Protein chains: 2
Amino acid sequence: MNKAVREPSRRMGPEGSANWHAMLDGAEDILREEGYGALTSRNIAERIGVKQRLVYYYFQTMDDLVVAMFRRLSVRELERSRQALKSERPLREIWDVCIHTSDARLISEFMALANHIEGLRTEVIHFIEESRAIQARALSAALKNKAKGRVPPIGLAMIATSLALSLNREAELGVSAGHKEITKVIKDFLAEIEPK
Amino acid sequence: MNKAVREPSRRMGPEGSANWHAMLDGAEDILREEGYGALTSRNIAERIGVKQRLVYYYFQTMDDLVVAMFRRLSVRELERSRQALKSERPLREIWDVCIHTSDARLISEFMALANHIEGLRTEVIHFIEESRAIQARALSAALKNKAKGRVPPIGLAMIATSLALSLNREAELGVSAGHKEITKVIKDFLAEIEPK
DNA sequence: GTCTATACACCGATAGAC
DNA sequence: GTCTATCGGTGTATAGAC
């Protein structure tokens with residue numbers, strides 16, 4: 001968690017190489033399936049068929065690995081959102097990104113970890129702010145020529161994000177009370193301001 | 001030849017005793033401050049000034065302790081919600097419960113743990129369903145004599161819960177984009193259907 | 001780049017004395 | 001009820017050979 005000051009740093013494997021990705025892939029699977037309590041260098045190594053020592057050739061510490069894992073994921077997600085902006089029906093695309101985002105279990109783990117790993121916290125903050133801005137932009141444009149409701153675009157963005165998160169998390173748990181109703185509200189909203 | 005399959009297993013300390021509560025209190029603090037990776041019998045014991053062995057006198061396993069911790073918390077929260085139902089202005093009270101619920105870090109940890117501890121998952125599901133039902137009842141009653149909007153009570157309950165969760169979590173992280181706007185929307189909604 | 005081998009701390013859980 | 005003592009296992013991280 002600390003030991004921030006490091007010697008000229010030891011030799012390191014290159015970011016973006018095959019093994020680097022394989023390690024992050026394995027880490028994602030473990031995080032999703034077993035939680036961060038099981039996210040260890042030994043487990044990652046075993047899962048991808050290398051020795052534990054190699055993990056520390058690619059990542060200085062486990063915290064570094066976690067941060068790299070989230071950053072790789074958030075870059076992908078933000079790119080999807082930015083692409084959605086340019087589409088025919090940006091609102092539907094963006095809602096699709098929200099609701100089909102990397103699964104709820106993974107996100108739950110990152111949210112918990114972000115409270116304890118400073119570097120991850122920074123990345124998460126950046127991701128939330130960036131994606132909210134993208135969504136607000138899309139909503140703003142879509143609502144420009146409509147009668148304004150009482151919820152401003154950035155407020156709608158916040159509602160969308162938090163709803164999608166809860167819908168996914170609860171569906172994962174096996175709770176569904178209210179889901180049907182909310183899904184219909186969203187559907188109607190989209191049909192109204194962004195007809196197919 | 002004994003292996004505790006049919007025996008009530010070993011002696012256990014009484015649920016609800018002073019030490020039992022002290023252990024859960026300590027566990028809550030650790031979970032909030034350091035995360036479940038640090039939630040160990042040794043840390044709990046040290047924090048409340050007893051020896052590690054004693055934790056296993058009160059709880060058979062660490063998982064049992066986690067489940068007991070959540071159950072104690074959820075009983076309290078549900079009681080607060082039920083009390084809110086009986087108040088003068090139930091909607092405001094219930095929103096207050098949502099937004100001032102035990103802090104976001106703690107909840108994040110429980111959400112992550114629920115994906116990996118079966119007994120906890122069951123408790124969490126029960127808590128969500130129960131509190132959603134209470135909230136829907138309150139909203140239903142409050143909206144009875146009003147013009148119906150397009151969001152049914154249980155949908156509003158779901159929006160409220162997920163929004164409160166996100167507002168708390170993001171505030172904890174240090175994100176505030178859209179918070180002011182959403183807070184105003186809620187305030188206006190309450191002013192309209194439940195005037196002071 | 002990948003490995004063997006290792007240091008050292010800490011984990012859950014139990015046996016059994018007082 | 002609370003303790004000492006201990007088991008077998010796993011964690012991060014490093015040294016250094018090939």
Side-chain angles (χ1 to χ4, degrees), chain A residues 1-24 26-27 30-31 34-69 109 113 116-120, chain B residues 1-5 7-24 26-27 30-31 34-69 113 116-120:
Chain A
M1 203 67 161
N2 24 24
K3 190 81 180 185
V5 181
R6 274 207 142 66
E7 284 310 300
S9 83
R10 61 174 187 261
R11 273 193 313 163
M12 288 272 299
E15 185 171 325
S17 66
N19 256 343
W20 184 89
H21 278 295
M23 283 173 190
L24 296 189
I30 291 167
L31 206 54
E34 306 174 60
Y36 77 75
L39 187 64
T40 69
S41 54
R42 287 186 212 272
N43 281 344
I44 294 169
E46 189 183 15
R47 190 172 279 249
I48 67 171
V50 298
K51 296 297 174 181
Q52 183 240 359
R53 177 64 177 86
L54 204 57
V55 175
Y56 287 92
Y57 175 67
Y58 286 92
F59 303 93
Q60 299 242 25
T61 66
M62 285 302 294
D63 281 4
D64 287 351
L65 183 146
V66 170
V67 173
M69 186 176 15
E109 299 292 333
L113 283 164
H116 311 290
I117 299 176
E118 193 46 42
L120 180 60
Chain B
M1 203 60 178
N2 19 29
K3 209 47 192 162
V5 171
E7 283 304 308
S9 55
R10 65 175 185 260
R11 274 193 309 163
M12 287 274 296
E15 188 173 312
S17 67
N19 257 343
W20 185 89
H21 278 295
M23 283 173 191
L24 296 189
I30 291 167
L31 205 55
E34 307 173 59
Y36 76 74
L39 188 64
T40 70
S41 55
R42 285 174 168 81
N43 282 342
I44 294 169
E46 189 183 18
R47 191 173 279 251
I48 67 170
V50 298
K51 297 297 173 181
Q52 183 239 359
R53 177 63 177 86
L54 204 57
V55 174
Y56 286 92
Y57 174 69
Y58 285 91
F59 304 93
Q60 300 239 25
T61 67
M62 284 302 293
D63 280 5
D64 287 352
L65 183 146
V66 170
V67 174
M69 185 173 20
L113 282 165
H116 311 290
I117 299 176
E118 193 46 42
L120 181 60

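What you are looking at is a predicted structure, and each value in this text was computed from that prediction instead of being measured. Each chain gets a letter, A, B and so on, in the order its sequence line appears, and its residues count up from 1.
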request  = Looking only at side-chain atoms of A:Q52, point me to the closest of D:dT2, C:dG12, D:dT14.
outcome  = D:dT14

query = Given atom CG of B:L54 and atom C1' of D:dT2, what is their separation to the nearest angstrom?
reply = 6 Å

key: For atom CD1 of B:I44 and atom P of C:dA13, their distance in whole Å   = 11 Å

request  = Can you figure out which of C:dC3, C:dG12, D:dG1 approaches the side chain of B:Y57 most closely?
outcome  = D:dG1

message = Whole angstroms only, please: what is the CE-C1' distance between B:M62 and C:dC10?
response = 13 Å

query = Can you find a heavy atom in the side chain of B:D63 that is under 4.5 Å from one in the side chain of B:E118?
reply = no

remark   = The nucleotide from C:dA13, C:dT2, D:dT12 with an atom nearest the side chain of A:T40 is D:dT12

message = By nearest atom, which of the nucleotides D:dG1, C:dG1, D:dA13 is closest to the B:Y58 side chain?
response = D:dG1

Intermediate values then yes/no, side-chain contact (heavy atoms from CB on, under 4.5 Å), A:L39 and A:M69 = CA-CA 12 Å; A:L39 187 64; A:M69 186 176 15; 3.8 Å; yes

inquiry  = Within the 4.5 Å heavy-atom criterion, are A:L24 and A:F59 side-chain neighbours or not?
reply    = yes

message = For D:dA13, does the base pair up with any side-chain atom of A:Q60 as donor and acceptor (N or O, under 3.5 Å, distance only)?
response = no

task = Give the rounded distance in Å between these two atoms: OH of A:Y36 and C1' of D:dT10.
result = 17 Å

ask   = Starting at the 5' end of DNA chain D, which residue's closest nucleotide do you reach first, B:P14 or B:R42?
value = B:P14

request  = State which residues pass salt bridge (charged side-chain N to carboxylate O under 4.0 Å, His left out) with A:E34; sequence neighbours excluded, sorted by chain then number.
outcome  = A:R47

Separation of atom NZ in A:K51 from atom P in D:dT14, rounded to whole Å = 20 Å

message = Whole angstroms only, please: what is the CG-P distance between B:L39 and C:dA13?
response = 12 Å

message = In dot-bracket form, 5' to 3', how is DNA chain D paired? Count Watson-Crick and G-U wobble pairs only if both distances fall under 3.5 Å, and write | where the partner sits on another strand.
response = ||||||||||||||||||

task = Please figure out whether A:G49 or B:N43 has its closest DNA chain C nucleotide nearer the 5' end.
result = A:G49

Test item: B:Q52 and B:T40 side chains (from C-beta on) under 4.5 Å apart, heavy atoms = no

message = So if I take every side-chain heavy atom of A:R53 and compare against D:dT12, D:dA15, C:dG1, which nucleotide ends up nearest?
response = D:dA15

message = Can you tell me which nucleotide in D:dT14, D:dG1, C:dG12 comes closest to the side chain of B:Y56?
response = C:dG12

request  = In whole angstrom, give the distance that lies between atom CD of A:E46 and atom P of D:dT12.
outcome  = 13 Å

task = Would you mind reporting whether A:M62 and A:I44 have side-chain heavy atoms less than 4.5 Å apart?
result = yes

Minimal non-hydrogen separation, A:Y36 against B:G37, with atom names = OH-N, 3.6 Å

inquiry  = At 4.0 Å (heavy atoms only), tell me whether B:L65 reaches a base, stays on the sugar-phosphate, or touches nothing.
reply    = nothing

